[in-house]
Amino acid sequence: MAESPIYLDCHSTTPVDRRVVDAMLPFFTEYFGNPSSLHAYGWQADAAVKKSRATIANAINAQAEEIVFTSGATEANNLAIKGVAEAYFSHGKHIITAKTEHSAVLDPCRYLESLGFDVTYLPVNPDGLVDLSLLKNSIRPETILISVMAANNEIGVLQPLKEIGTLCQEHDILFHTDAAQAIGKVPLDVQAQHIHLMSLTAHKVYGPKGIGALYVRRRQPRVNLAAQLHGGGHERGMRSGTLYPPQIVGFAKAIELSTADMVGESERLIGLRSQLLSHLNQLPDIYLNGHLHQRLPGNLNVSFSGVDGQRLLLELQPIVALSSGSACSSMSTAPSHVLKALGRSDQLAYASLRFGLGRFTTEQHIEQVGSAVVKTINTLRTL
Ligand SMILES: *Cc1c(COP(=O)(O)O)cnc(C)c1O
């Protein structure tokens, strides 16, 4: 059997950290209770959920009661965007977001357009950052929500949350941020950054898939949300459904581990990224996608002129698992909407590689991948 390729696709998902698995295991069998039950089994599970809620809240400087558990960031984004639209439409029906958002933000926005809402999709600067003066000029009296992501899943660019939050505060607009890629990797603070709603997920930071959360501000101001799942009234009525203690405990453990070592791990990843970039810099005609410094430590996204994107990925597949610049979801073969928003041509958008470095990436991995990519590009360019 051939060896498994090196995994450099940490923006898609990450393996669950062994310590997270160990924390989860007792909650499948020993402490299996329903946190809503009023007996010893329920109380045990409820205590674990409460503790996890506090850990997750603490990581973003929120209160435990402000965390609403969901199945992941897709659901959290849907709850935030549709929930605000439904609760605040009498104040106005205008929403602002950016062209480089994840489909889990763009698609709920498009859905709302079909219901008569008006959505502005802001273009971004060539480095992927939102232009704050353009954002400010797009605000209307009827704007109820601005949704701009914390960290981009393709190009890793970190948006200026604090500046956007301040703008929202000044104009009395709710601010939602999709922080699926940012949590556990860069500092987040819902107070300092004036955030009203924040989407989180566990599986991009070495936690299990199928669990995430929406932070919903309770004070100054108290945010109202229309529930999108109705039922037993769990999670302050905002998201019904029996809570899932093993996933919740694992989510909290994953957040605890990644926030505890955020500074050291960032430095290590930036070192590995520089090592990778110096390999790639041996090649002429390459284009870095996204701001070099204002980005996630583990992200590098590069376009290569003069090669076919699909062929490139195919050649690299036995050596390294990573993603390219075609819309990966569904069966679509369209070029990445994020790279197109940076102004890249279709060819450069297709012929791009997204490197997602993570906790288990080593210098040896980077050496192997770096030389394989350089060699492959050189070969493809001579064809
Ligand atoms: C992965 C991701 C999502 C979707 O999260 P799930 O928990 O898989 O639903 C949403 N937004 C961004 C930016 C992501 O990277």
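Note that ligands are numbered from 1 as they come in the structure, with each ligand's atoms numbered from 1 the same way. Keep in mind that the numbers below use all heavy atoms, side chains included, and drop hydrogens, waters and symmetry copies. These numbers come from a predicted model, not from an experiment.
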Test side chain to side chain donor-acceptor pair (under 3.5 Å) applied to Glu170 - qualifying residues, sequence neighbours left out: none
Just to be sure I read this right, does ligand 1 sit under 4.0 Å from the backbone of [X], its side chain, both, or neither, counting only heavy atoms?
X      : result
Ala180 : side chain
Met149 : side chain
Glu75  : neither

Decide if atom [atom1] of [X] counts as having more than 12 heavy atoms of other residues, nucleotides or ligands within a radius under 6.0 Å.
X      : atom1 : value
Gln310 : CD    : no
Glu142 : CD    : yes
Arg311 : CZ    : no

What atoms of ligand 1 come within less than 4.0 Å of a heavy atom belonging to [X]?
X      : value
Asn153 : 13 (C), 15 (O)
His203 : 6 (P), 7 (O), 8 (O)
Gly72  : 7 (O)

Working for ring pair (Phe, Tyr, Trp, His ring centres under 6.0 Å), residues Phe27 and Phe32: CA-CA 5 Å; Phe27 291 90; Phe32 62 86; over 10 Å; no
Shared hydrophobic cluster for Leu122 and Phe175 (ILVMFWY, side-chain gaps under 4.5 Å): yes
Aromatic plane relationship, His91 with Tyr88 - under 30° parallel, 30 to 60° tilted, over 60° perpendicular: tilted
Proximity winner for atom 10 (C) of ligand 1, if only heavy atoms of Thr201, Leu200, Asn78, Asp178 are counted: Asp178
Short N or O distance, Lys204 and ligand 1, threshold 3.5 Å exclusive: yes
Which residue and heavy atom of the protein sit nearest atom 6 (P) of ligand 1, plus the separation: Ala73 N, 3.6 Å
Nearest non-hydrogen protein atom, atom 9 (O) of ligand 1: Thr74 OG1, 2.6 Å
Close approach of Lys209 to ligand 1, heavy atoms, under 4.0 angstrom: no
Test item: Ser352 side-chain N/O and Ser303 main-chain N/O as donor-acceptor pair under 3.5 Å: no
